[in-house]
**Student:** 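This is the structure I have questions about; it appears just below.
Sequential numbering from 1 along the given sequence is applied to the chain's residues.
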Amino acid sequence: MLPDIDAEDLADYLRPDVIYVAAGTVGTAVGLAIGLAALGAHTRVVAVRVTPTEVVSEAVAVDLVQKTVALLRDLDDSFPDLGYDDLAFELRDDWFEPGYGMVTAETQEAVALAAAAGIKLETTYTGKAFAAMIADARDGTLGCSQVLFWDTYSSVFPAAVGSDDALPQVLRDYVNECDRVFSAH
């Protein structure tokens, strides 16, 4: 039961201290961090990198923050002029290895724990972010923090895979190179 508090205090009471989210392109995480900072919330967004650094890095996040805030300010000049350093944002690199789409024991355990609670995750994105959150909880990093896991898993059934022959030659070459490089793992 919640203590007897007014609506404004209730919002503070229910606001998480930290949000964990998978960072595939870092868009969701940056959007959350900008929105929270604009509201004056002190909620920390922990973005767990699940794609190579060519796709997600601190430089990519900084650029995305700058472009997003500029767009928001173009739409409404009263939007706060926020920079990357104004955000309670942490990009975690420690859960990416052994590589994109590579399943670890920690990720498998996280997906299984989530499934036992009725939450469907997968091992490439959401499972790695959930594994990071579980590890931080277990090692005491989170203390008594109110924690929210932002589930970006899509349950939409994927379209049937077509033939590579239908692709332009440059894409067929790219797919073949990816198969060569990533099947070596």
**Student:** Please lay out, stage by stage, how Val45 and Glu90 fare under the test side chain to side chain contact (heavy atoms under 4.5 Å, CB included).
**Tutor:** CA-CA 6 Å; Val45 175; Glu90 176 186 354; over 6 Å; no

**Student:** Under the side chain to side chain contact (heavy atoms under 4.5 Å, CB included) rule, what do Trp150 and Thr28 come out as? Steps first, then yes or no, please.
**Tutor:** CA-CA 9 Å; Trp150 196 275; Thr28 298; 3.8 Å; yes

**Student:** Going by an N to O cut-off under 4.0 Å, is there a salt bridge joining Arg92 and Asp136?
**Tutor:** yes

**Student:** Quick one: CE on Met102 to OG1 on Thr107, what's the gap to the nearest 0.5 Å?
**Tutor:** 11.5 Å

**Student:** Look at atom CG of Asp139 and say whether more than 12 heavy atoms of other residues, nucleotides or ligands are closer to it than 6.0 Å.
**Tutor:** yes

**Student:** Going by an N to O cut-off under 4.0 Å, is there a salt bridge joining Glu109 and Arg138?
**Tutor:** yes

**Student:** What pairs of residues pass the salt bridge (Lys or Arg N to Asp or Glu O under 4.0 Å) test when at least one of them lies in residues 52-70, not counting sequence neighbours?
**Tutor:** Asp63-Lys67

**Student:** Taking all non-hydrogen atoms of both residues into account, name the closest pair between Glu122 and Val111 and its distance.
**Tutor:** O-CG2, 3.7 Å

**Student:** Hey, would you say the Phe149 and Phe130 ring centroids sit under 6.0 Å apart?
**Tutor:** yes

**Student:** Mind checking what makes ring-ring contact (aromatic ring centres under 6.0 Å, His included) contact with Phe96, not counting sequence neighbours?
**Tutor:** none

**Student:** Has the side chain of Ser145 got a donor or acceptor atom that lies under 3.5 Å from a matching backbone atom of Leu142?
**Tutor:** yes

**Student:** Taking ring-ring contact (aromatic ring centres under 6.0 Å, His included) as the test, write out the residues that go with Phe89, two or more places apart.
**Tutor:** Tyr84

